[in-house]
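Structure record follows, encoded as structure tokens.
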Amino acid sequence: QVQLAQSGGGLVQPGGSLRLSCAASGRIFDDFGMGWFRQTPGKEREFVAAISGSGRSTHYADSVKKRFTISRDDGKNAVYLQMNSLKPEDTAVYYCAADSGGTYYGPDMREYEYWGQGTQVTVSS
């Protein structure tokens, strides 16, 4: 069974940066599509970014384009989300997710079989 462990959340001022990490164990996921999602209280979970199993293709929500970058390091079984120019509306619990099928790297959360525990990101002055 795949387990995803997240780290890197915290409090940051508007305009600041954070890097989220997601490390996998239990199964090798070097060919898994990987995604990042976020959720605030009372809101539906929303797509942020995704990367293909090969790492050659990425997809971003319009709200984070040009500010966030998703990447992966298969040697470390890890995926990252670099977040720059953070805004208060980026405040949320962020989750990483994995598609064991290895083909999906898009916004539909139903396509992902494994999920991390979530980590809080708060952007506030």
Side-chain angles (χ1 to χ4, degrees):
Q1 190 73 31
V2 172
Q3 297 175 337
L4 303 179
Q6 299 181 221
S7 62
L11 175 65
V12 66
Q13 295 183 12
S17 298
L18 285 173
R19 190 183 77 157
L20 305 183
S21 298
C22 176
S25 63
R27 287 177 60 187
I28 298 173
F29 75 170
D30 60 345
D31 61 345
F32 290 5
M34 299 293 298
W36 287 97
F37 294 78
R38 64 188 183 187
Q39 188 170 25
T40 57
K43 305 292 184 180
E44 296 296 318
R45 191 167 298 183
E46 67 175 353
F47 170 74
V48 176
I51 188 166
S52 65
S54 69
R56 300 301 299 171
S57 299
T58 58
H59 184 60
Y60 296 93
D62 288 343
S63 60
V64 305
K65 283 182 178 178
K66 300 180 175 65
R67 298 190 297 120
F68 291 10
T69 302
I70 187 171
S71 61
R72 66 190 301 155
D73 184 345
D74 291 334
K76 298 180 179 179
N77 293 324
V79 64
Y80 307 97
L81 185 68
Q82 178 66 47
M83 304 183 293
N84 299 324
S85 301
L86 282 161
K87 304 174 181 179
E89 52 263 44
D90 295 318
T91 296
V93 176
Y94 283 71
Y95 299 87
C96 66
D99 168 34
S100 62
T103 61
Y104 191 75
Y105 59 100
D108 190 348
M109 63 179 290
R110 297 171 297 179
E111 295 286 344
Y112 296 92
E113 293 90 355
Y114 305 102
W115 292 84
Q117 80 278 15
T119 186
Q120 178 71 45
V121 172
T122 301
V123 184
S124 177
S125 60

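Given the structure is predicted, the values throughout are model-derived calculations rather than measurements.
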Q: State, without any angle test, whether Thr122 and Ser124 hold a side-chain donor-acceptor pair at a distance under 3.5 Å.
A: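 The answer is no; no qualifying pair exists.
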Q. Does any non-hydrogen side-chain atom of Arg19 lie less than 4.5 Å from one of Leu81?
A.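 Contact flag for Leu81/Arg19 side chains = no.
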**Q.** Nearest non-hydrogen partners of Gly106 and Tyr112, listed with the distance
**A.**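 The pair with the smallest heavy-atom distance is O-OH, 2.7 Å.
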Q. What are the two closest heavy atoms between Cys22 and Leu4, and how far apart are they?
A.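 Heavy atoms only, the tightest pair is SG-CB, 3.9 Å.
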[atom1]-[atom2] distance between [X] and [Y], expressed to the nearest 0.5 angstrom:
X: Thr40; Y: Gln120; atom1: OG1; atom2: CD; answer: 9.5 Å
X: Tyr105; Y: Ile70; atom1: OH; atom2: CD1; answer: 11.5 Å
X: Thr58; Y: Lys65; atom1: OG1; atom2: NZ; answer: 9.5 Å
X: Trp36; Y: Leu20; atom1: CH2; atom2: CG; answer: 4.5 Å

Would you find a donor on one side and an acceptor on the other, under 3.5 Å apart, between the side chain of [X] and the backbone of [Y]?
X: Gln117; Y: Gln6; value: yes
X: Arg72; Y: Gly33; value: no
X: Ser125; Y: Gln13; value: no
X: Glu111; Y: Tyr104; value: no

Q: May I have all residue pairs that pass ring-ring contact (aromatic ring centres under 6.0 Å, His included) and include part of residues 44-87, sequence neighbours excluded?
A: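 Passing the test, one end in residues 44-87: Phe37-Phe47, Phe47-His59.
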Q: Please name the residue in the list Asn84, Val12, Val123 that meets the side chain to side chain contact (heavy atoms under 4.5 Å, CB included) test with Leu18.
A: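 So, applying the side chain to side chain contact (heavy atoms under 4.5 Å, CB included) to Leu18 and each of Asn84, Val12, Val123, only Val12 qualifies.
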(Q) For Glu44, I'd like to know if atom CD has over 12 heavy atoms of other residues, nucleotides or ligands within 6.0 Å. (A)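 No, the 6.0 Å shell around CD holds no more than 12 heavy atoms from other groups.
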(Q) For a side chain to side chain contact (heavy atoms under 4.5 Å, CB included) check, start with the C-alpha distance between Asp90 and Arg38, then their side-chain angles and the critical distance, and finish with the verdict. (A) CA-CA 9 Å; Asp90 295 318; Arg38 64 188 183 187; 3.0 Å; yes
